[in-house]
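Sequential numbering from 1 along the given sequence is applied to the chain's residues. Whatever order the structure lists ligands and atoms in, that order sets their numbers, starting from 1.
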Amino acid sequence: MATTRVFVLVAPPGSGKGTQGVLLARRLDLPHVSTGDELRVSLYGGRLSQPNGAMGRGQLLDDNTVWRILRTRLEQPDCSRGFILDGFPRTFRQVCLFDEWTESALLGAADVLVIYLHLGMDEVRKRNDGRRFCPSCGRDYNVHYYPPRTPEVCDVCATRLARRADCVPEVLERRLAAYEKSTSVVLNTYSQ
Ligand code: AMP
């Protein structure tokens, strides 16, 4: 069995992990699999939908739900050579579920590289404050780093830009707390 190349991106919310994931995917010709996107599509009907419930509140969803949805995606034929994982694993239990799967489904033939993007929390808050997306065509912007030509309007389709519901300050703080708590566990596990 050929080796499956797995890249795991670990970074704070809104730090550009999705952008880097897409670039890496293009460069390596592997699919970019974002758990946030997979969950939004599977549970809320579309990548651009604004979730409510635990996800809208910035809390992590339960491990079994996340893994059930992600596993279905990873078992698609385009992931057989490898994939870029963006947003998973985020808990120790998710690391274990993923490990068990690579052992059983991939017969241990996975080459896993973890890439950790480290950013200061002030920078993370600024990036999240500037984050916008076009609800019509899906293009991403950041008003501080890559703003649209006309403020708050999409360059491509002229739709008014929106903010992700989970980027408002109180929800963001919850996501950052969840990130800090869970990431240390994930990084410690992988560094061993
Ligand atoms: P993201 O787009 O990666 O920032 O994820 C958006 C939201 O999806 C998170 O705030 C969580 O509610 C949920 N989510 C994404 N990935 C996971 C995961 N691995 N485990 C639990 N919840 C997740």
Side-chain angles (χ1 to χ4, degrees), residues 6-25 31-74 79 83-102 112 114-119 121 123-135 138-142 162-190:
V6 177
F7 294 81
V8 175
L9 292 175
V10 180
S15 60
K17 170 166 51 80
T19 308
Q20 299 304 323
V22 169
L23 292 173
L24 198 58
H32 166 238
V33 179
S34 150
T35 348
D37 285 351
E38 294 299 324
L39 294 171
R40 276 184 284 274
V41 169
S42 182
L43 302 174
Y44 296 97
R47 194 179 77 79
L48 301 179
S49 56
Q50 297 272 38
N52 48 32
M55 204 168 163
R57 288 193 298 273
Q59 292 160 340
L60 293 185
L61 300 193
D62 74 275
D63 295 329
N64 290 337
T65 304
V66 173
W67 178 237
R68 176 176 53 77
I69 291 167
L70 182 63
R71 181 183 171 155
T72 306
R73 174 68 188 95
L74 299 183
C79 289
F83 42 85
I84 320 288
L85 264 186
D86 164 356
F88 184 94
R90 266 164 145 126
T91 65
F92 180 66
R93 169 96 180 119
Q94 292 181 10
V95 175
C96 297
L97 287 166
F98 187 62
D99 270 3
E100 279 161 25
W101 179 77
T102 56
V112 181
V114 179
I115 301 174
Y116 173 43
L117 306 179
H118 181 70
L119 274 84
M121 283 300 144
E123 177 68 17
V124 170
R125 288 191 179 89
K126 182 171 175 192
R127 292 187 65 101
N128 277 281
D129 174 67
R131 207 171 180 189
R132 302 284 187 280
F133 73 98
C134 173
R139 179 152 174 190
D140 290 314
Y141 296 87
N142 192 297
R163 294 187 75 159
R164 262 176 60 162
D166 58 4
C167 279
V168 300
E170 64 274 22
V171 179
L172 176 66
E173 292 308 317
R174 223 175 286 141
R175 291 169 70 216
L176 291 180
Y179 168 78
E180 294 222 314
K181 184 166 158 228
S182 58
T183 308
S184 50
V185 177
V186 171
L187 290 178
N188 284 341
T189 313
Y190 277 121

Record the part of [X] in heavy-atom contact with ligand 1 below 4.0 Å; permitted values are side chain, backbone, both and neither.
X      : value
Leu60  : both
Leu39  : side chain
Arg164 : side chain

Specify the protein heavy atom at minimum distance from atom 8 (O) of ligand 1: its residue, its atom name, and the distance to 0.1 Å.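 It is Met55 CE, 3.3 Å.
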Among protein heavy atoms, which sits nearest to atom 22 (N) of ligand 1, and what does the distance come to when rounded to 0.1 Å?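 I find the closest protein heavy atom is Leu61 N, 3.0 Å.
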With heavy atoms of [X] as the reference, note each atom of ligand 1 found under 4.0 Å away.
X      : result
Arg175 : 4 (O), 10 (O)
Gln94  : 18 (C), 19 (N), 20 (N), 21 (C)
Phe88  : 19 (N)

When only distance counts, is Gly87 in polar contact with ligand 1, meaning an N/O pair under 3.5 Å?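 Yes; the residue has a nitrogen or oxygen that sits under 3.5 Å from a nitrogen or oxygen of the ligand.
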Any nitrogen or oxygen of Pro13, main chain or side chain, under 3.5 Å from a nitrogen or oxygen of ligand 1?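 No; the residue has no nitrogen or oxygen that sits under 3.5 Å from a nitrogen or oxygen of the ligand.
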Result for side chain to side chain contact (heavy atoms under 4.5 Å, CB included) between Val10 and one of Leu117, Ile115, Leu85, Val114 points to Val114
Hey, is Asp129 close enough to Lys126 for a salt bridge, meaning N to O under 4.0 Å? no
Between Gln94 and Leu70, is a side chain to side chain contact (heavy atoms under 4.5 Å, CB included) present by the stated rule, with each step listed? CA-CA 11 Å; Gln94 292 181 10; Leu70 182 63; over 6 Å; no
Nearest heavy atom to atom 11 (C) of ligand 1 wins, so pick from Arg90, Arg40, Arg93, Gln59. Gln59
How are the rings of Phe83 and Trp101 set to each other: parallel, tilted or perpendicular (split at 30° and 60°)? tilted
Kindly check if the number of other-residue, nucleotide or ligand heavy atoms within 6.0 Å of CZ (Phe92) is above 12? no
